[in-house]
Every structure is written in C-alpha cells, then in structure tokens.
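Worksheet: one structure, shown below.
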Amino acid sequence: MSQKGLSDFFEKYIGAKSIFINKAALQSAYHPQTIPHRDMEIEAIASILAPALKQEKPSNLFIYGKAGCGKTLCLRHISRELEANAARHNIPLKVLYMNCKLKKVADTEYRVIAQLSRELGKAIPPTGLPTDEVYKIFEQAVEADKGILLIVLDEVDQLVKKIGDEILYSLTRINEGLSQSKISLVGISNDMVFLAALDPRVKSSLSEEEIIFPPYNAIQLQEILYQRARLAFSEGAIDHGVIEKCAAYAAREHGDARRCLELLRVAGEIAERANHQRITIDHIDEADEKIERDRLMIILKTQPKQSQAALYSILTISSDKKTTIFTGDVYELYKKICDRIGLRPLTQRRISDIIAELDMLGIINVKVISKGRYGRTREITLSVDQATLPRMRKILEESLSL
DNA sequence: GTCAATTCACATGAAAGAGACCACGGTCTAGTG
DNA sequence: CTAGACCGTGGTCTCTTTCATGTGAATTGACGA
C-alpha cells in the first residue's frame, strides 16, 4: 500500500459506518441494567444477605452453577445495591469481591489474605511476611472497620483445589476473635461436587445456605443476546437467524452466556474487518473457529519451554506414526529434543505431570491404561484438529528455536 | 483348562530442595552542616 | 549526624527432584482334570 493509499485507507476506515455502536456491551466486564431470567436467584440471595443491613451477620452462602450462567454478574449486582443502600442509611457494611482464579493475585493463602487486607486499606508486601502475621493484620483491619464484612470468593473451587480448604476454615474462625465486626463468606463455584470434597467442619459452616444457578436454555440465551445486541450493534447490523445460531452454539455447551456474547462480538469484528455491513450466519461459524484457534495458540505460546518441548515431542510422534502414544515414547524423544536445543531435561516424574497438565488444557487427551504384562501407562491422543497441527508445530519450533 | 502369583512400566503421592523474590533490622560509608 | 548502600536472616512461592507406594491386566507356572 502506498503512502497515499494508507491515508485513504484510514480516511475510509473513519468514514465507514461501523456495525458496532457500543462494543463494551458484549464484553464480560459489562454490567447490564437488568439481568434476565435470574429474578428468583437474585431474590433468594438478596433475602439471605439482607440481614447485613440490620447489622446482623448473614448466613454463609454457597452458589453453584456452570460457567457463564450469571453467578458473578448477579452477585456483583446485588452487592452494589447492598452497598449503595447501606451507604444511604449510614450502615457500616462492606463487600470484598475476590476472584480466586486470578494468578499472582489470589492463588495462595498468603495472597488471598494480603489482598483482602489491602482492600481494607492495609499495605501488605507481596511476600516476606509470615502468613499468620498477615492474618493478624487482616483481623485487626476487620475489627477496626466495625461492621459487617461480606467476602465474596469467586471460583473458590480453584482456590481449594490448589491450596486446600484450610483457608476457608481460618476465615470462618476469624469471627471468633472479633467483637466489633462480623465476617460472612459467599463462595461461588462452577464445580457441583466441590463441596462434598471439603472437610466436614468447613463444609457445615460454609454451606449454611446454598443456591444453584441452572444453565440458560437456548430461548433464554436468545433473549439475553437480543438485549445486548440492541445496545452493541447499529440498527440492522445482524442478519436473521444469527442470534438464534449463536444461542444454539452456546446452549450446546451447557448454556454459557459469556461464550455466547463473545461469539457474537468476534463475529461482529470479523464482519467489520471484512467491510461487511451485516453479520451473517457464516460469520458465526468463522468466529467459533477463530475463538477456538486463538485460545489454543495463546496457550501454546504461554507455556513454559519444558511443556513446549514435551508437547512438541508428542506432536512429532503422532505425525510420524499413527499408533497410539505412550508416556515412555514421549519422554525418550523429549530428552533428545532437550539435548538438541540445550535444555536440561526434567525427570520422567515431572514430564508425567506435564502431560497431565496438557490434558487439562485440552490440547491432548489422556487415558491411563494397563497393558498387562507390559505395564501401565498413559495413552495419549491429540484432541486438536488435524488442520491446525502444522501451525502448532511452527509456533513451537519458533519458540524453542529448533 | 483354571487360578493365583508375578511382573512390567509407569501413575500417583509426599516431602523436601533450589532459586527467585521480598521485608526487615543492623552495620557501614560517604556526604553534610 | 544522617541518608543511603549493603548484608544477613527469615519468610513465601514456584518448579523440580527424590523417594516411596500403588495399580491393573497380560503372562507365567503350578495344579488338577
């Protein structure tokens, strides 16, 4: 493109009528005015938390539901209202929201407590203090606050899976040392069986109340999409059947509204980039592929070198021969690859874990099988599209400088 | 042919180490009045 | 005299290694029909 052409391009870009008028309405951080199809749940949660407005400690609450079914959205909505009401009537009430999935923020006991303390205005160094010291600081901060404190732990299952349920126990125990304040916990979890695995002591004190969010069905998803699409897109930017298709895609995956909205947004971006005036059903298909592909590539690029080498080993074996792949084969080749690129090879024990991690990420499929006399091992198959294999290999080769 | 024991090749668990990062308090050093 | 540099100690956190134990079915070998 010549310089003149570039200028023209930008001119045209600015002049072109965008199909978006407010893209933010499709992003997950967006808070809509109303939350459709969640009236019952909101009411239930509100009535459980309402005692906080009378300076009584609300019951601890556990909320379950699949990804993207509005748990977080509802809770944030309620806590905002709750805080606003409390402020209006001068009631000392605070809600601390914490997403336990965030790496480097809330994935260890120390960090969770430190982060909570920070939100109460205490400065806590990122490391260096003993954990019980941080607990003490937190307790003092809570006590000094004088009032009801609601702690919302989003995706607690992730937290507990990583560091155990002790932290929940400690948090519930803090109340015992408080006279001026009270803490209530609200846990949000995707995992329905999570509670069963908890220590009985923790379990009984935490699940004083439970609320289950059912997934959205296709019709409900459609309504949500229509509501957001009206805000996000300009008039007539969406073809007939697009919303329906979007909803159907997401309903297939346990009614994930977040994914649904992402699909629509990406489809919009694709349409816009291609200079189309309308989003069509084809754009949805394209968006679905793109989302999946992008996710995979980001995972690939952000893996540590060792995992990349292990994965590269798996990819190589699977393209060389069509037989099933076992841990031993992967490890042998992995060692050679390490040798070639000057990486210190890890032990088989660690590679075994890395393979399990790759399985968790959905890049490969792993099944533990017993081959009788010939031992027990993992049977590994690739769970990605054959078409994306060369691209994956290329990324790994670049990253490992092979 | 039947059945229990054996065996393989890892899986899986637990504990502990290495190295990075950080806070804190004490000591040293150089600059300032 | 004091601010800042520097050190040692003690803490967390992540990634690994080391050591130990577990596991499920093909294979083996003894036994009886």
Side-chain angles (χ1 to χ4, degrees), chain A residues 98-119 121-141 155 158-171 197-199 299-314 317-318 321 323-339 341-361 363-381 383 399-400:
Chain A
M98 166 147 333
N99 189 337
C100 305
K101 211 177 73 181
L102 294 177
K103 284 218 158 177
K104 309 282 179 191
V105 177
D107 54 355
T108 70
E109 190 172 8
Y110 182 100
R111 282 177 187 159
V112 170
I113 306 299
Q115 183 60 32
L116 289 173
S117 309
R118 268 182 222 122
E119 295 204 16
K122 295 276 176 184
I124 306 263
T127 167
L129 261 53
T131 305
D132 46 340
E133 190 70 25
V134 185
Y135 265 109
K136 255 182 237 155
I137 296 174
F138 176 62
E139 202 175 320
Q140 281 164 13
E155 316 219 22
Q158 303 282 331
L159 183 68
V160 170
K161 208 184 287 167
K162 256 198 107 174
I163 59 169
D165 49 15
E166 252 165 69
I167 180 169
L168 297 180
Y169 185 63
S170 312
L171 277 174
L198 283 180
D199 185 316
I299 291 176
L300 237 54
K301 280 182 196 158
T302 52
Q303 283 302 298
K305 288 265 184 293
Q306 300 286 3
S307 304
Q308 289 182 343
L311 183 58
Y312 188 74
S313 159
I314 294 171
I317 297 176
S318 83
K321 50 175 188 163
T323 57
T324 42
I325 310 167
F326 301 115
T327 307
D329 309 337
V330 175
Y331 188 62
E332 283 309 308
L333 184 58
Y334 158 81
K335 273 200 292 194
K336 281 184 201 148
I337 291 171
C338 283
D339 207 35
I341 61 176
L343 203 62
R344 194 172 61 85
L346 301 175
T347 51
Q348 180 152 342
R349 176 71 186 83
R350 179 67 188 128
I351 294 301
S352 177
D353 278 349
I354 285 178
I355 289 173
E357 281 161 23
L358 290 172
D359 177 38
M360 290 275 287
L361 290 171
I363 303 175
I364 58 176
N365 249 317
V366 151
K367 209 169 76 189
V368 177
I369 54 155
S370 176
K371 294 189 288 168
R373 187 66 208 266
Y374 305 105
R376 227 164 103 84
T377 183
R378 284 202 175 93
E379 191 181 75
I380 302 165
T381 45
S383 60
S399 174
L400 295 167

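Both backbone and side-chain heavy atoms feed into the values below; hydrogens, waters and symmetry mates do not. Chain naming here is simple, since letters A, B, ... match the order of the sequence lines and numbering starts at 1 in each.
Take Asp353(A) and apply the salt bridge (Lys or Arg N to Asp or Glu O under 4.0 Å) test, not counting sequence neighbours, and it matches Arg349(A). Annotation: salt bridge (Lys or Arg N to Asp or Glu O under 4.0 Å) contacts of Glu357(A) (sequence neighbours excluded): Arg350(A). For Lys371(A), the side-chain contact (heavy atoms from CB on, under 4.5 Å) partners two or more places apart in sequence, or in a different chain, are Phe326(A), Ile369(A), Tyr374(A), Thr377(A). Taking the side-chain contact (heavy atoms from CB on, under 4.5 Å) definition, one finds that Glu139(A) meets it with Ile174(A), Leu178(A), sequence neighbours left out. Remark: Phe138(A) pairs with no residue by the ring pair (Phe, Tyr, Trp, His ring centres under 6.0 Å) rule, at least two apart or across chains. For Ile314(A), the side-chain contact (heavy atoms from CB on, under 4.5 Å) partners are Ile325(A), Val330(A), Leu358(A), Ile364(A), Ile380(A), Leu382(A), not counting sequence neighbours. Judged as a ring pair (Phe, Tyr, Trp, His ring centres under 6.0 Å), and not counting sequence neighbours, the contacts of Tyr331(A) are Tyr334(A).
In this structure, Lys136(A) places its NZ atom 12 Å from P of dG11(C), rounding to the nearest Å. As a whole-Å value, the separation of Tyr135(A) OH from dG11(C) C1' is 16 Å.
Closest heavy-atom contact between Gln306(A) and Arg344(A): NE2-O, 3.2 Å.
Contact annotation: Arg111(A) side-chain N/O to dC21(B) OP1/OP2 distance is not under 4.0 Å. Contact check, Thr347(A) against dT17(C): a side-chain N or O comes under 4.0 Å of OP1 or OP2.
Taken residue by residue, residues 306-313 of chain A places no heavy atom nearer than 4.0 Å to DNA chain B.
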Nucleotide-resolved protein contact map, nucleotides 8-20 of chain B, B/S/- at heavy-atom distance under 4.0 Å: BBSSBB-------
